[in-house]
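Data block below; observations after.
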Amino acid sequence: MVNIKNLIKQLEEQRILSKEEFIALLSNLSQEDKEFLRERAQLTAKKQFDNKIYTRGLIEFTNYCKNDCYYCGIRKSNLLAERYRLTNEEIIACCKEGYELGFHTFVLQGGEDGSYSDDDIITIIKMIKKDYPDCAITLSIGEKSYDSYQRFHEAGADRYLLRHETANEEHYNKLHPKTLSLPNRKRCLKELKEIGYQVGAGFMVGSPYQTLENIAEDLIFIKELSPEMIGIGPFIPHHQTPFAKQSRGTLEQTLVIISILRLMMPNALIPATTALGTIDPNGREMGILHGANVVMPNLSPTSVRKKYELYDNKICTGDEAAECRCCLERRMKKIGYELTSDRGDFKPEV
Ligand code: 5AD
Ligand code: FES
């Protein structure tokens with residue numbers, strides 16, 4: 001029998017385990033081991049970030065998407081999804097509201113919407129940077145060419161979120177149609193790093209057909225890529241997708257993986273995601289207590305919030321930006337943390 005506590009200590013010291021060791025860790029955690037892992041991860045995050053939680057204002061500017069990922073509620077085959085695009089004026093109004101609330105990062109997230117040319121995206125980036133030069137811009141608009149990524153970066157985009165979704169090709173092909181491939185995903189992530197973005201990778205916990213071996217592969221892939229940001233949330237079925245009847249990821253497993261990643265990468269930026277808050281009323285608080293250090297409340301106009309439904313029952317779709325900021329402020333305070341208005345760039349380890 002492997003001693004799990006020793007494996008956790010080994011992970012903390014070496015910041016990596018072998019695939020077999022990760023599988024052993026993931027499959028044998030007792031309640032006591034889990035608490036030990038959580039404590040180590042929380043301490044690691046505290047050492048790096050103290051009790052400060054970085055905030056990112058999320059602007060979901062289009063839900064048109066040319067892709068057809070089996071898990072996603074805004075996939076192109078979902079003809080029941082009500083599609084929308086924000087105008088540039090609406091986007092800048094979101095930034096204005098966000099800035100006044102203390103946000104210094106704006107995340108522009110959208111489906112892969114072919115109606116935006118690179119120049120259109122560049123116009124949006126420049127518009128935001130002109131009015132808010134002290135803010136970071138994070139793009140989350142999917143797979144593009146090296147040239148496009150470079151032009152967006154030159155225009156002022158600082159960071160890019162592109163979850164790898166799964167590092168195993170066979171699994172990747174069970175979650176995506178043939179038009180999407182893991183090699184291309186990896187190509188994008190590599191190029192984004194090369195260009196100089198702070199890059200975010202990540203995956204869903206409990207996605208259909210995911211095995212513990214797959215999760216071990218994801219952890220090793222993330223270590224190798226060494227992204228500045230890591231987005232981890234539970235898979236939650238959306239009723240108008242092929243995965244409607246699949247079961248969701250669990251809170252417990254998601255939290256374990258957040259803690260493992262924190263021990264692997266002490267200074268990584270790891271959000272307590274909206275999906276985590278959706279499967280449990282205290283999910284985001286639990287995420288923070290397990291080593292996460294970022295929250296990403298929504299700045300999109302309430303009129304479109306329900307339409308950006310990647311999964312069922314997404315929280316905060318009826319709340320104003322200010323309500324979410326205050327709510328999170330209160331929630332973090334309750335567990336001994338506070339929101340900071342710092343830009344929250346990736347920093348070397350302390
Ligand atoms: N459940 C949880 N997360 C999802 N995402 C997409 N669909 C779902 C779902 N049904 C995640 C993907 C994507 C990110 C923007 O949202 O990992 O990269
Ligand atoms: Fe949106 Fe609590 S964070 S209402």
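Each ligand, and each atom within it, is numbered from 1 in the order the structure gives.
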Could you identify the single nearest non-hydrogen protein atom to [atom] and state the distance to 0.1 Å?
atom	answer
atom 2 (C) of ligand 1	P234 O, 3.2 Å
atom 8 (C) of ligand 1	M204 SD, 3.7 Å
atom 7 (N) of ligand 1	Y71 CD1, 3.3 Å
atom 11 (C) of ligand 1	R163 NH1, 3.6 Å
atom 9 (C) of ligand 1	I236 O, 3.4 Å

Query raised in the report: Would N267 and E349 count as having a side-chain donor-acceptor pair, cut-off 3.5 Å?
Result: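 No - no donor-acceptor pair under 3.5 Å links their side chains.
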Query - Exercise: do T278 and N313 side chains pair donor with acceptor under 3.5 Å - result: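 No donor-acceptor contact under 3.5 Å links the two side chains.
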Query raised in the report: Are any of the N or O atoms of E165 closer than 3.5 Å to those of ligand 1?
Result: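 N/O-N/O distance below 3.5 Å exists for this pair.
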Report task. Give a yes or no on whether the ring-centroid distance for H104 and Y99 is below 6.0 angstrom. Result ->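 Yes, the ring of H104 comes within the 6.0 Å limit of the ring of Y99, centre to centre.
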**Report entry** Partner of E60 by side chain to side chain contact (heavy atoms under 4.5 Å, CB included), out of L108, V107, N298
**Finding:**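 In the set L108, V107, N298, the residue that makes a side chain to side chain contact (heavy atoms under 4.5 Å, CB included) with E60 is N298.
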Query raised in the report: Among I59, L58, I141, which one satisfies side chain to side chain contact (heavy atoms under 4.5 Å, CB included) with Q109?
Result: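 Running side chain to side chain contact (heavy atoms under 4.5 Å, CB included) over I59, L58, I141 with Q109 returns exactly one hit, L58.
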Requested in this report: May I ask you to decide if the ring planes of Y149 and Y160 are parallel, tilted or perpendicular, using 30° and 60° as cut-offs?
Outcome: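 Perpendicular, since the angle between the ring planes exceeds 60°.
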Query - Flag, side chain of H164 to backbone of G202, donor-acceptor distance under 3.5 Å - result: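 Yes.
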Query - Part of P237 within contact of ligand 1 (heavy atoms, under 4.0 Å) - result: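 Within the 4.0 Å criterion, P237 makes no contact with ligand 1.
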Requested in this report: Closest by any non-hydrogen atom to atom 15 (C) of ligand 1: pick that one out of V205, L310, T241.
Outcome: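 The residue whose heavy atom sits nearest atom 15 (C) of ligand 1 is L310.
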**Report entry** Element-labelled atoms of ligand 1 that are located less than 4.0 Å from some non-hydrogen atom of F235
**Finding:**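 Once the distances to F235 are compared, the set is 1 (N), 2 (C), 10 (N).
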